[in-house]
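Here the structure comes first, spelled out in structure tokens, and everything after it is commentary.
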Protein chains: 2
Amino acid sequence: MSKKIYIADDDANIRFIIGSFLKNEGYQVEEFESGDALYERFLAVPCDLIILDIMMEGRDGLAICAKLRESYSVLIIIVSALDSELDRITGITLGSDDYLVKPFSPVELVARVKALFRRVDLDRKVVSADILVVGDMRINVKSRDCWIDQKKVDLTPTEFTLLTYMFQHADQAVSRQQLLKHVWGVEWDADTRATDDILKRLRKKLVDSRVKVESVWGFGFRLVVEDEHEKSEK
Amino acid sequence: MSKKIYIADDDANIRFIIGSFLKNEGYQVEEFESGDALYERFLAVPCDLIILDIMMEGRDGLAICAKLRESYSVLIIIVSALDSELDRITGITLGSDDYLVKPFSPVELVARVKALFRRVDLDRKVVSADILVVGDMRINVKSRDCWIDQKKVDLTPTEFTLLTYMFQHADQAVSRQQLLKHVWGVEWDADTRATDDILKRLRKKLVDSRVKVESVWGFGFRLVVEDEHEKSEK
DNA sequence: ACAAATATAGGCAAATCTGTGGCAGTTATT
DNA sequence: AATAACTGCCACAGATTTGCCTATATTTGT
């Protein structure tokens, strides 16, 4: 399906050039004169990627970028005539995925846009990959083994299947029902705490890992990666 | 988050500099003299991100990058002295996530490394996220957690379900009947103040937020976002 | 302003949930 | 066949949640 891209730049020429190249690649493109206009539009109709100039009327590109990042994971590329190292680092640190310096080649921009979409696709596909990685752990679904860092962990069949499911749903809250259905193949409403039992045993085996199974009270469980040092990086 | 990074560059100085900066950020770093050595190591122990020079003994960085991309979704940054537009585009098109031209600032490299990790984290969390936003609050239906700005709020199951319903009907007046039906699953006319109780507890947890639960006298409740300018009104 | 109806706040106890250790039936391994 | 491993269940203790009760405050209608 065709991806949607919004561009904000106060220079109509640049908008036109960028827009043309991207449309040529089959993307749906909308152009805006200001970051504020783009932001309003995004709230109404989200898009997949945003290209922001820094210097614009109203809020500048950096402000828009930071504002978007508060709540959205949309891809953001900043383009700017500002070429100091500090500018680039600021732009990237504020939340953009890439930073291009004007004048830039439209072809390179297109390549970088594609690279970002490719990255998102790769990250999506990871769920169906043979090797699943979460935090310092990885499991190989084919060979059915499991590693904490470099150390192999022995898992029983049910434990492995359960952990695989949790890996595929990392960060999500998973209900006992869900687990019974996907790990045990039980469709009906079973009154059992078999899930708790396997998790109990799994937890013991994960004590040395930063990957933890949290319980979500009254609901189920959630796989999370413990942050050992800093509290709020983002 | 101690992610693992492999670096391949035939210049020991560059390896050292890059490695130092990255270790300084808390990453686990391993250095290799050639892309082939790095590749072998990766097969044995995967890492999270790879930094490749183009010109090296054996297969060059581009070849390694392409080879890795055949089977793995690991992050790849290419660094190179080659600075033509074509070189950059080739590098990115072949599968790398970023392309930096030597000499580059180690600080910028670190910023870009962080940006890539940030992207992967965002994608992982959003892959199937179902996020509702109202004012300064955010709830993720899939992970079942709730945030005021950047601060996590613990909710009980009923509170969570109720708040979700209110989020879906923000600004609307919601009757007790409605809540009993959708949150409790009660169809009949129940004479209960259970709704008031949960809301009472919810309100306590939302004191720091601009999102408030108003009561609609004789009817039910309404979720509103307080205007921060006229806080003294109520 | 006053009475009736409705809403809020605090406290309480029943019901529910979770983690633990132990146990036994079944399955796999030697 | 004997032994070990795996898995589900049980019971218990501790913690959390939640509905209700009562007292008090607020709103509405006359």
Side-chain angles (χ1 to χ4, degrees), chain A residues 139 144-146 152-166 173-207 211-224 226, chain B residues 139 144-146 152-166 173-207 211-224 226 233-234:
Chain A
I139 63 180
R144 286 184 86 81
D145 51 20
C146 168
K152 192 166 176 183
V153 183
D154 282 326
L155 296 182
T156 69
T158 316
E159 284 167 5
F160 188 84
T161 310
L162 179 43
L163 188 61
T164 302
Y165 189 82
M166 296 303 285
V174 174
S175 73
R176 292 184 173 75
Q177 285 301 312
Q178 232 174 314
L179 290 174
L180 285 173
K181 181 172 170 186
H182 290 99
V183 179
W184 278 262
V186 173
E187 287 286 350
W188 66 92
D189 263 27
D191 174 29
T192 173
R193 281 175 58 196
T195 49
D196 298 64
D197 272 304
I198 300 300
L199 260 318
K200 157 175 77 180
R201 284 153 186 151
L202 212 38
R203 276 170 169 157
K204 277 193 185 163
K205 298 188 178 180
L206 304 193
V207 281
V211 177
K212 297 292 172 198
V213 180
E214 286 182 346
S215 41
V216 182
W217 210 94
F219 184 81
F221 305 91
R222 175 169 41 209
L223 199 71
V224 296
E226 236 174 26
Chain B
I139 63 183
R144 268 186 155 247
D145 49 21
C146 168
K152 193 167 174 175
V153 183
D154 280 327
L155 297 181
T156 69
T158 316
E159 284 166 7
F160 186 84
T161 311
L162 178 43
L163 188 61
T164 302
Y165 188 81
M166 296 302 285
V174 174
S175 74
R176 291 186 173 75
Q177 283 303 312
Q178 233 173 313
L179 290 175
L180 284 173
K181 181 173 169 185
H182 291 99
V183 179
W184 278 263
V186 173
E187 287 287 350
W188 67 92
D189 264 26
D191 173 30
T192 173
R193 294 260 124 173
T195 48
D196 299 62
D197 267 304
I198 299 300
L199 261 316
K200 159 175 77 179
R201 282 151 186 151
L202 215 36
R203 278 170 169 155
K204 273 194 188 165
K205 297 187 179 182
L206 304 194
V207 283
V211 177
K212 296 295 172 195
V213 180
E214 284 182 347
S215 37
V216 181
W217 213 84
F219 180 77
F221 305 91
R222 176 170 39 213
L223 201 69
V224 295
E226 213 173 50
E233 191 174 318
K234 158 108 210 271

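Not measured: the values here are computed from a predicted model. Order of the sequence lines fixes the chain letters, A, B, ..., with proteins taken first and strands second; residue numbering starts at 1 for each chain.
For K205(A), the NZ atom sits in a packed shell: over 12 heavy atoms of surrounding residues, nucleotides or ligands are nearer than 6.0 Å. By the 6.0 Å contact criterion, NZ on K152(B) is enclosed, its count of non-hydrogen atoms from other residues, nucleotides or ligands being greater than 12.
Considering all non-hydrogen atoms of both residues, K200(A) and D197(A) come closest at NZ-OD1, 3.0 Å. F160(B) and R144(B) make their closest contact through CZ-CA, 3.5 Å (heavy atoms, listed as atom of the first residue, atom of the second, distance). Counting all heavy atoms, side chain and backbone alike, H182(B) lies closest to Y165(B) at ND1-OH, 3.2 Å. Of all the heavy atoms in I198(A) and W184(A), the pair that sits closest is CG1-CZ2, 3.7 Å.
Protein atom CH2 of W184(B) is 16 Å distant from nucleotide atom C1' of dA15(C), rounded to whole Å. Rounded to an integer number of Å, the gap from D197(B) CG to dA9(C) P is 11 Å. To the nearest angstrom, C1' of dT8(C) lies 13 Å from CZ of R201(B).
Taking 4.0 Å as the cut-off between side-chain N and carboxylate O, E159(A) and R201(A) do not count as a salt-bridged pair.
Of all nucleotides in DNA chain D, those with any atom nearer than 4.0 Å to a heavy atom of chain B start and finish, going 5' to 3', at dT17(D) to dT28(D).
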All N/O donor-acceptor pairs, side-chain side in residues 211-218 of chain B, below 3.5 Å, sequence neighbours left out:
| from | atom 1 | to | atom 2 | distance (Å) |
| --- | --- | --- | --- | --- |
| K212(B) | NZ | L206(B) | O | 3.1 |
| K212(B) | NZ | V207(B) | O | 3.2 |
| K212(B) | NZ | S209(B) | O | 3.2 |
| E214(B) | OE1 | R222(B) | NE | 3.4 |

Taking only N/O atoms, report every protein-nucleotides 17-19 of chain C pair under 3.5 Å with atom names and distance.
| from | atom 1 | to | atom 2 | distance (Å) |
| --- | --- | --- | --- | --- |
| dC17(C) | O3' | G218(A) | N | 3.4 |
| dT18(C) | OP1 | R176(A) | NH1 | 3.3 |
| dT18(C) | OP1 | R176(A) | NH2 | 3.2 |
| dT18(C) | OP1 | G218(A) | N | 3.1 |
| dT18(C) | OP2 | R176(A) | NH1 | 3.2 |
| dT18(C) | OP2 | R176(A) | NH2 | 2.8 |
| dG19(C) | OP1 | R203(A) | NH1 | 3.1 |
| dG19(C) | OP1 | R203(A) | NH2 | 3.3 |
| dG19(C) | OP1 | S215(A) | OG | 2.8 |
| dG19(C) | OP2 | R203(A) | NH1 | 3.4 |
| dG19(C) | N7 | R193(A) | NH2 | 2.7 |
| dG19(C) | O6 | R193(A) | NH1 | 3.2 |
| dG19(C) | O6 | R193(A) | NH2 | 3.2 |

